[in-house]
Protein chains: 2
Amino acid sequence: MIGGMGAGSRGGGGRGSVTPTAAGTVVVLVGEWITEGRLAPGDKVSETWVAAESGVSRNTVREAFRLLEHDGLLVHEPNRGAFVPQVTPLDVRDIYRVRRVLEPAVVRGLTELDVPRMQALTAAVDAARSAAARQDWPHAGSANMRFHRSLVALAGSVRLDATMRRLMAELRLVFAVVEHPAELFGPFVERNARIADLLLSGRFLEAATALETYLADSEDAILTAFSRQELTA
Amino acid sequence: MIGGMGAGSRGGGGRGSVTPTAAGTVVVLVGEWITEGRLAPGDKVSETWVAAESGVSRNTVREAFRLLEHDGLLVHEPNRGAFVPQVTPLDVRDIYRVRRVLEPAVVRGLTELDVPRMQALTAAVDAARSAAARQDWPHAGSANMRFHRSLVALAGSVRLDATMRRLMAELRLVFAVVEHPAELFGPFVERNARIADLLLSGRFLEAATALETYLADSEDAILTAFSRQELTA
DNA sequence: CTGGACGGATCGTTGAACAATCACTACTGT
DNA sequence: ACAGTAGTGATTGTTCAACGATCCGTCCAG
């Protein structure tokens with residue numbers, strides 16, 4: 001038994017389900033602190049502090065840090081400590097460059113209707129719709145990412161999935177900064193729905209081009225929201 | 001000071017240079033054990049054993065294991081231990097699927113002659129040539145991977161670079177099994193040289209298509225060598 | 001004002017210890 | 001003889017306390 005704990009397993013949120021281990025608990029915990037803004041970009045995250053805060057040993061915290069590093073949620077500078085990455089517009093462009101390579105290629109490579117797997121797409125679209133209706137932009141953003149991860153999952157490649165997972169984790173970092181404005185997710189929910197429809201009707205090439213313009217516009221939206229944010233800061 | 005050590009820094013080989021830290025030392029050490037065949041696919045790698053063998057604390061070994069896991073050189077089963085991944089033909093296909101998406105996309109996306117960066121390509125080709133002349137297939141394989149990593153590096157994307165690094169680490173795992181026959185690298189050295197020439201003369205589209213057939217043939221070569229290996233095993 | 005010595009804080013790493021879990025063996029009951 | 005179970009040993013997961021190494025900011029001397 002550890003310290004007070006109290007948090008316990010979260011079940012719903014994370015996909016990986018590494019929670020039975022203490023290091024895994026710290027991973028989701030610190031992950032939430034980062035994406036929820038308690039830890040701001042550029043902040044140093046002290047091992048001792050996290051150890052005290054989460055009630056686990058410093059050594060276990062170190063292990064958790066390696067995992068978070070793995071997902072790009074933490075950067076490690078030797079002998080200096082772990083920091084919440086300072087995401088720059090350049091990073092956004094880099095992330096989207098990879099997305100523009102990966103996602104359309106996956107869609108263009110599809111040959112048959114994998115209906116069961118595609119249901120994840122419509123589920124994500126539905127979730128995004130209802131979240132958007134509630135003006136719940138954080139959840140709309142999560143549903144959005146779930147959509148695109150499910151889209152890449154259609155390729156059935158574990159390595160592509162892993163890459164996409166990391167990209168989305170880094171994107172979440174961006175959203176933690178830009179105050180989730182409606183313009184960032186609102187206009188894109190229906191465009192995802194359109195892409196899902198195209199996929200479900202087997203019109204893969206049309207879906208791919210729709211996806212390409214989607215990504216270009218999404219990148220622009222984030223970039224402008226980003227620069228607006230930087231001015232006020 | 002640690003234990004006997006003796007190995008020390010290697011300097012030349014790895015690019016990452018994480019060697020000043022003890023965990024980093026263990027990473028390159030165990031990495032070599034794996035790629036050099038001392039650790040076979042499917043083997044369990046005990047924490048205590050590595051700790052004794054490398055002269056560092058078990059806790060440090062655990063950290064090193066997380067890093068190796070990160071590169072796909074180790075898989076971790078909770079409460080059971082770390083294992084050298086058993087690479088299947090399915091993994092090879094998956095790795096090459098990603099390569100076929102990534103590498104041609106990078107080349108096609110090039111717009112200008114980045115001569116200084118392209119010198120890494122010719123350097124890798126030269127190294128591969130001389131290694132092949134010596135029948136030194138392990139080094140020829142390394143130079144081969146260096147070539148393709150340098151090729152992806154032309155895009156100037158840190159995330160693409162990281163992805164490619166992981167892919168090559170996993171490929172090394174394959175080569176550790178198939179006994180580096182000449183047919184695996186020999187025919188491909190000159191094809192890389194051809195691609196490098198096309199790139200240096202700015203004929204990016206031709207380079208991309210050459211790269212595509214290269215990757216298809218390379219995958220086939222590995223796959224056949226692989227199945228031949230499985231029959232004898 | 002420049003520069004080097006000092007100190008505090010944090011990281012890097014160790015070693016020992018104990019609980020939890022797994023794999024394997026030996027025993028029991030039918 | 002054999003299935004199921006309890007026991008046993010080994011390995012992992014995690015904690016704790018400690019110490020050297022390194023970095024950063026401060027203070028003092030020139």
Side-chain angles (χ1 to χ4, degrees), chain A residues 1-9 16-30 33 39-40 42-70 73-86, chain B residues 1-9 16-30 33 39-40 42-70 73-86:
Chain A
M1 206 40 50
I2 317 174
M5 198 47 41
S9 69
S17 177
V18 267
T19 342
T21 160
T25 310
V26 176
V27 167
V28 324
L29 195 59
V30 176
W33 290 350
L39 257 35
D43 279 3
K44 174 155 74 184
V45 188
S46 155
E47 296 177 355
T48 331
W49 180 71
V50 173
E53 201 79 2
S54 64
V56 304
S57 151
R58 188 163 77 92
N59 238 318
T60 303
V61 171
R62 275 178 135 258
E63 275 200 34
F65 278 16
R66 299 294 123 72
L67 272 331
L68 288 163
E69 218 179 326
H70 185 325
L73 289 179
L74 239 43
V75 290
H76 187 68
E77 302 186 24
N79 278 317
R80 296 208 1 136
F83 297 80
V84 181
Q86 190 94 38
Chain B
M1 208 38 49
I2 316 178
M5 197 50 42
S9 68
S17 178
V18 268
T19 340
T21 159
T25 309
V26 177
V27 166
V28 324
L29 195 59
V30 176
W33 291 349
L39 256 35
D43 280 2
K44 173 154 79 181
V45 188
S46 156
E47 296 177 355
T48 328
W49 179 71
V50 173
E53 201 78 3
S54 65
V56 304
S57 152
R58 188 163 76 91
N59 239 320
T60 302
V61 171
R62 278 179 132 257
E63 276 201 33
F65 278 16
R66 299 294 123 75
L67 272 332
L68 288 163
E69 221 179 323
H70 184 322
L73 289 179
L74 238 44
V75 291
H76 186 68
E77 302 187 23
N79 278 316
R80 295 204 2 126
F83 297 79
V84 181
Q86 191 93 39

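Each chain gets a letter, A, B and so on, in the order its sequence line appears, and its residues count up from 1. When reading the values below, keep in mind they use all heavy atoms of this one structure, side chains included, and skip hydrogens, waters and symmetry mates.
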**OP:** Identify, between V45(B) and T60(A), the residue whose nearest nucleotide on DNA chain D lies closer to the 5' end.
**Re:** V45(B)
**OP:** With the side chain of V56(B) defined as its heavy atoms from C-beta on, choose the nearest nucleotide among dT14(C), dT13(C), dT12(D).
**Re:** dT14(C)
Original post:
In chain order, what residues pass the salt bridge (Lys or Arg N to Asp or Glu O under 4.0 Å) check against E47(A), with sequence neighbours excluded?
Top reply: R58(A), R62(A)
Subject >> V26(A) and V50(A), any side-chain heavy atoms less than 4.5 Å apart >> reply: yes
Original post:
Rounding to a whole Å, what distance do you find between W49(A):CH2 and dC11(C):C1'?
Top reply: 17 Å
Original post:
Within this structure, what is the CD-to-C1' distance between E47(A) and dC23(D), rounded to whole angstrom?
Top reply: 14 Å
Original post:
Rounding to a whole Å, what distance do you find between K44(B):NZ and dA10(D):P?
Top reply: 12 Å
**OP:** Measure the distance from CG on L67(A) to P on dT14(D) and round it to the nearest whole Å.
**Re:** 11 Å
Original post:
N79(A) CG to dG20(D) C1': how many Å, rounded?
Top reply: 11 Å
Subject >> Electrostatic pair E63(B):R66(B) at N-O distance under 4.0 angstrom >> reply: no
**OP:** Could you pull out all residues at least two apart from Q86(A) that satisfy side-chain hydrogen bond (donor to acceptor under 3.5 Å, both in side chains)?
**Re:** none
**OP:** Mind calculating the distance between CZ (R62(A)) and P (dT14(D)) to the nearest angstrom?
**Re:** 16 Å
**OP:** Could you tell me whether the side chain of R58(B) has a donor or acceptor atom within less than 3.5 Å of a complementary atom in the base of dT14(D)?
**Re:** yes
**OP:** State whether T48(B) places a side-chain N or O below 4.0 Å from either non-bridging phosphate oxygen (OP1 or OP2) of dA10(D).
**Re:** no
Original post:
Of the candidate nucleotides dC11(C), dG13(D), dG12(C), which contains the atom at the shortest distance from the side chain of H76(A)?
Top reply: dG12(C)
Original post:
In terms of the angle between their ring planes, are W33(A) and W49(A) parallel, tilted or perpendicular, with boundaries placed at 30° and 60°?
Top reply: tilted
Subject >> Proximity to the side chain of N59(B) - top-ranked nucleotide from dC11(C), dT15(D), dT21(C) >> reply: dT15(D)
Subject >> Closest to the R80(B) side chain, choosing from dC22(C), dC11(C), dT14(D) >> reply: dC22(C)
**OP:** Check the distance between dT12(D)'s P and L74(B)'s CG and give it to me in whole angstrom.
**Re:** 11 Å
